[in-house]
Q: 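One structure follows; several queries about it will come next.
Protein chains get the first letters and strands the later ones, always in sequence-line order, with residue 1 at the start of each. When reading the values below, keep in mind they use all heavy atoms of this one structure, side chains included, and skip hydrogens, waters and symmetry mates.
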Amino acid sequence: MRFSNLFCPTLKEVPKDADVISHQLLQRAGFIKKLASGIYTLLPLGLKVCKKVEQIVREELSKGNAQELMMPMVCPSSLWKKSERWDKYGKELLRFKDRQENEYCLGPTHEEVVTDLIAQNLKSYKQLPLCLYQITTKFRDEVRPRFGLMRGREFVMKDAYSFHESKEDLNRYYEKMRDIYEKIFKRCQLKFSVVTADSGTIGGSDSAEFMVLAKNGEDAIVTCKASNISCNREAFSFPEPQTAISDKNIKVTKHHTPGITSIEELSKKLQYAANECVKLLVYMSDEQAKAVLVRGDHQINEIKLKKFLKATHLRLATDKEIKNIVGLDCGYLGPYKFPQNIPLIADFSIKTMTKMLIGANEKEYHYTNITREQLNIQHYADLRFPVEGENSPFKKESTLTFHRGIEVGHIFKLGSIYAQKLHASFLDKEAKQQPVQMGCYGIGIGRTVAAAIEQSHDEKGIIWPKAIAPFQAVIIITSMKNETLCQAAEELYKICIEKKMDILIDDRHISAGVKFKDADLIGIPLQIIVGKGFLEKQTFEYCYRETSIKKHGDQKEIMRVLQET
RNA sequence: CGGGGUGUAGCGCAGUCUGGUCAGCGCACCUGUUUUGGGUACAGGGGGCCGUAGGUUCAAAUCCUAUCACCCCGACCA
């Protein structure tokens, strides 16, 4: 490729709409251009890097006997209604109608389409196992798109779906896919960690996320080193603790607390630690009120709560609803003498409390020294997020540590939920009809590219891992007016092209300084400089982007170095 | 969805409070000279009816109203 011919608009200044480094550099180095919020054009270099990642993905997946296909982006609502996700998926599913007033959505993922495809064609166990995948543009109308390619609304994703005659075979393939994913991200030269995850809207049982460790990551990873557990913060589960024996010698005290409604203020005023306070939150679970108790220093994990309640829609009750139900404004709600028609559900941690501070269900009053026995708690469950630095529930001596990560891959065991809803079944060896067992496996291609930059850059620009760099090397001609230099560079370039190397030659009629700056910004791993060294000694200079180490060599040596990379 | 902010040339910004020599700066771009190993220097030049639509006024980038777009924070701590 000739730079003089390349559409690569680089910028000196940081675009004002970008504040994470990958987003800034992708724009500055001419890889992407924003069209609308969360919607980007991949410019030639951006596309080139994506293709390199895709190629790695294709090569590794084919080792797992996965076959590539391409499903439509536009999906009729009927399939989504069958799977019940037309209602469950929410606003992220972009819906619209055609001229016949038929409803459609833009596919955010393709379980429905692929399961339907299989339902229509699967007959016998002899056709299994089977794995199909595609690398296509998905659309999710994100609540808040941000960070460029890291959380766009339109994005390129590889999604694979596997089909099996038994759970055992699904388990076997899931493990295989985990290995394939590890190989893919290793080949992309990323530092990542595999963590236990929640399966979210996709549904299913086991799932694991592949997290690229980076400080700008949107996900929190919780680790207990001693027990070798690494988990998405959302999916960290606590075992049921032993019930503590309440302090029977203490007396309930009522306190007048006008204007004091926050845990922080209360614990200060009444000399009660935040972890001795209990807060009560009213949720609407499919429009049924539920009261949830959690310790003052804890946060409710709504994913867990939703699962526990088996709710389709879950939200906090509005102030108005609370007033209707309890007859009280927020701030003084408490579980003692709470309206009996609303079930009280408490987080496991409440079990370990010997006394507590709660709202009095009376304006401007709180109680202290309440014990669990005085409350009519109907259920205990694991409902909260872990807290950074708290003791591990698995190993006493160990604490929980937190890291940030970018979720670049996610694998799930779906089981037969989609198969049942979309009637994908087959005849087994005993001629019995069985629903097919499914797994699904995603990789965010654009997100992987962004994650690579988050992990590898400096003040000068991107430092691409060799495996996914847009070019192996760039040949820089320091002066286009010097014919000797041009000839030498062109000859080298010609040899590279003949050897099918992916090389850029910077033949622009501009000063050498600009060429160096652009090469650094774009992040090409190796710069080959044809300049004064050549005029003096007929040698080329080569410089590694990552280390800035400069060396000299003749054409033979350059070819050797290039073969290595 | 709530709060905050920003829309002026391809990019980054000043000008808006206090309406009138206000269509401006830097980078980028074009021409010429210069320079030729880390965004050379000088000279000249092209490009925007100031997000959009109304309104107020003799006069609007500037004031008012509406609207659109984009960005940030939050969207559970009772």
Q: Looking at B:rC71, I'd like to know if its phosphate oxygens (OP1 or OP2) sit under 4.0 Å from a side-chain N or O belonging to A:Lys34.
A: yes
Q: Regarding A:Lys254 and A:Glu362, does a basic nitrogen lie under 4.0 Å from an acidic carboxylate oxygen?
A: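 Judged by the 4.0 Å cut-off on N to carboxylate O distance, A:Lys254 and A:Glu362 do form a salt bridge.
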Q: Look at the side-chain N and O atoms of A:Lys12 and state whether any lies under 4.0 Å from the OP1 or OP2 oxygen of B:rA28.
A: yes
Q: Look through every strand shown and name the nucleotide pairing with B:rA41 as Watson-Crick or G-U wobble, where both distances are under 3.5 Å.
A: B:rU33
Q: Which base, if any, makes a Watson-Crick or G-U wobble pair with B:rC25, both distances under 3.5 Å?
A: B:rG12
Q: Side chain of A:Arg28: nearest nucleotide among B:rG12, B:rG37, B:rG39?
A: B:rG39
Q: Using the C1' atom as the reference point in each nucleotide, state the distance between B:rU57 and B:rU62 in Å, no decimals.
A: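 After rounding to an integer number of Å, I get 13 Å for this pair.
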Q: For B:rU36, does the glycosidic angle fall within 90° of 0 (syn) or outside that (anti)?
A: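 Anti for B:rU36; the angle lies over 90° from 0.
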Q: What distance separates A:Leu314 CG from A:Lys290 NZ, expressed to the nearest 0.5 Å?
A: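 Going from the CG atom of A:Leu314 to the NZ atom of A:Lys290 covers 10.5 Å.
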Q: So, OP1 or OP2 of B:rU36: does either fall under 4.0 Å of a side-chain N or O from A:Thr478?
A: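 So the side chain of A:Thr478 is outside the cut-off, no N or O lying under 4.0 Å from OP1 or OP2 of B:rU36.
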Q: Rounded to whole angstroms, how far apart are NZ on A:Lys16 and C1' on B:rC13?
A: 9 Å
Q: Under a 3.5 Å cut-off for both distances, is B:rA66 Watson-Crick or wobble paired, and to whom?
A: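 The answer is B:rU52, by the H-bond criterion.
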Q: Taking atom P in both B:rA53 and B:rU8, compute the distance separating them and give it to the nearest angstrom.
A: 15 Å
Q: So which one's nearest nucleotide on RNA chain B is more toward 5', A:Asp520 or A:Arg146?
A: A:Asp520
Q: Do the side-chain N or O atoms of A:Ser37 get closer than 4.0 angstrom to the phosphate oxygens (OP1, OP2) of B:rC71?
A: yes
Q: Check the orientation of A:Tyr332 and A:His366. Use parallel for under 30°, tilted for 30 to 60°, and perpendicular for over 60°.
A: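 Ring orientation, 0 to 90° scale: tilted.
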Q: Without decimals, in angstroms, what is the distance between A:His509 NE2 and B:rU34 P?
A: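 In whole Å, B:rU34 P and A:His509 NE2 are 17 Å from each other.
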Q: Starting at CD of A:Gln27 and ending at C1' of B:rG12, how long is that distance when rounded to a whole Å?
A: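 For the pair A:Gln27 CD and B:rG12 C1', the rounded distance is 13 Å.
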Q: Work out how far the P atom of B:rA14 is from that of B:rA66, and round it to whole angstrom.
A: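 My reading of the P atoms in B:rA14 and B:rA66 gives 26 Å.
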Q: What is the distance, to the nearest angstrom, from the NE2 atom on A:His23 to the C1' atom on B:rC71?
A: 10 Å
Q: Students often get this wrong, so: under 4.0 angstrom with heavy atoms, is A:Gly359 touching a base, only sugar-phosphate, or nothing?
A: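 Contact class for A:Gly359: none.
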Q: Counting only side-chain heavy atoms from C-beta out, which of B:rC11, B:rG39, B:rG37 sits nearest to A:Val514?
A: B:rG39
Q: Could you check how far CD of A:Glu536 sits from C1' of B:rG37, rounded to whole Å?
A: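 After rounding, the gap between these two atoms is 11 Å.
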Q: Sticking with atom P, work out how far B:rA59 lies from B:rA41, rounded to a whole angstrom.
A: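 Going atom to atom, P in each nucleotide, I get 46 Å.
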Q: With the side chain of A:Lys481 defined as its heavy atoms from C-beta on, choose the nearest nucleotide among B:rU35, B:rC76, B:rC71.
A: B:rU35
Q: Does the gap between the ring centers of A:Tyr365 and A:His256 come in under 6.0 Å?
A: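 Yes, ring centres under 6.0 Å apart.
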Q: For the side chain of A:Phe516, starting at C-beta, report the closest nucleotide among B:rG39, B:rG37, B:rA78.
A: B:rG37
Q: Of all the nucleotides listed (B:rA75, B:rA78, B:rG39), which has the minimum atom distance to the side chain of A:Lys517?
A: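 Closest nucleotide to the A:Lys517 side chain: B:rG39.
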Q: Answer yes when A:Arg545 and A:Asp458 have at least one side-chain N-carboxylate O distance shorter than 4.0 Å, and no when they do not.
A: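 Yes, charged N to carboxylate O under 4.0 Å.
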Q: Nearest whole angstrom, please: distance from the P of B:rG38 to the CZ of A:Arg545.
A: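 It works out to 17 Å between those atoms.
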Q: Rounding to the closest angstrom, what is the interatomic distance between B:rG46 and B:rC29 at atom C1'?
A: 8 Å
Q: Rounding to the closest angstrom, what is the interatomic distance between B:rA61 and B:rG74 at atom C1'?
A: 33 Å
Q: For A:Ile510 and B:rU36, give me the distance from atom CD1 to atom C1', rounded to whole Å.
A: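 The distance from CD1 of A:Ile510 to C1' of B:rU36 comes to 12 Å, rounded to the nearest Å.
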Q: In whole angstrom, give me the gap between the C1' atoms of B:rG39 and B:rC27.
A: 10 Å
Q: Just to be sure I understand the rule, does A:Ile476 reach a base, reach only the sugar-phosphate, or reach nothing, if contact means heavy atoms closer than 4.0 Å?
A: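 Nothing, no heavy atom under 4.0 Å.
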Q: B:rA78, B:rG37, B:rA75: which one has an atom nearest the side-chain heavy atoms of A:Ile529?
A: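 The answer is B:rG37, which lies nearest to the side chain.
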Q: For the side chain of A:Glu13, starting at C-beta, report the closest nucleotide among B:rG37, B:rG26, B:rG39.
A: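 Nearest nucleotide to the side chain: B:rG26.
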Q: Classify the ring geometry between A:Phe540 and A:Phe534 as parallel (under 30°), tilted (30 to 60°) or perpendicular (over 60°).
A: tilted
Q: Assuming nearest nucleotide by heavy-atom distance, tell me which of A:Asp297 and A:Lys532 is located more 5' along RNA chain B.
A: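 Nearest-nucleotide comparison on RNA chain B picks A:Lys532.
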Q: Categorize A:Asn482 for me: base, sugar-phosphate, or nothing, with a 4.0 angstrom heavy-atom threshold over every strand shown.
A: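 If one applies the 4.0 Å heavy-atom cut-off, A:Asn482 turns out to touch nothing in the nucleic acid.
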Q: Write down the distance between CZ (A:Phe534) and C1' (B:rU36), rounded to a whole number of angstrom.
A: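 In whole Å, B:rU36 C1' lies 18 Å from A:Phe534 CZ.
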Q: Considering only NZ, NE, NH1 and NH2 on the basic side and carboxylate oxygens on the acidic side, decide whether A:Arg384 and A:Glu390 come within less than 4.0 Å.
A: yes
Q: So A:Lys550, base contact, sugar-phosphate only, or nothing? Heavy-atom distance under 4.0 Å.
A: base
Q: Do A:Arg404 and A:Glu454 sit within salt-bridge range, that is, some charged N less than 4.0 Å from a carboxylate O?
A: no
Q: P atom, B:rU52 versus B:rG37: distance in rounded Å?
A: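 B:rU52 and B:rG37 have their P atoms separated by 46 Å.
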Q: Of the listed nucleotides (B:rA75, B:rU6, B:rC11), which one gets closest to any side-chain atom of A:Val143?
A: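 Taking heavy atoms from C-beta onward, the closest nucleotide is B:rA75.
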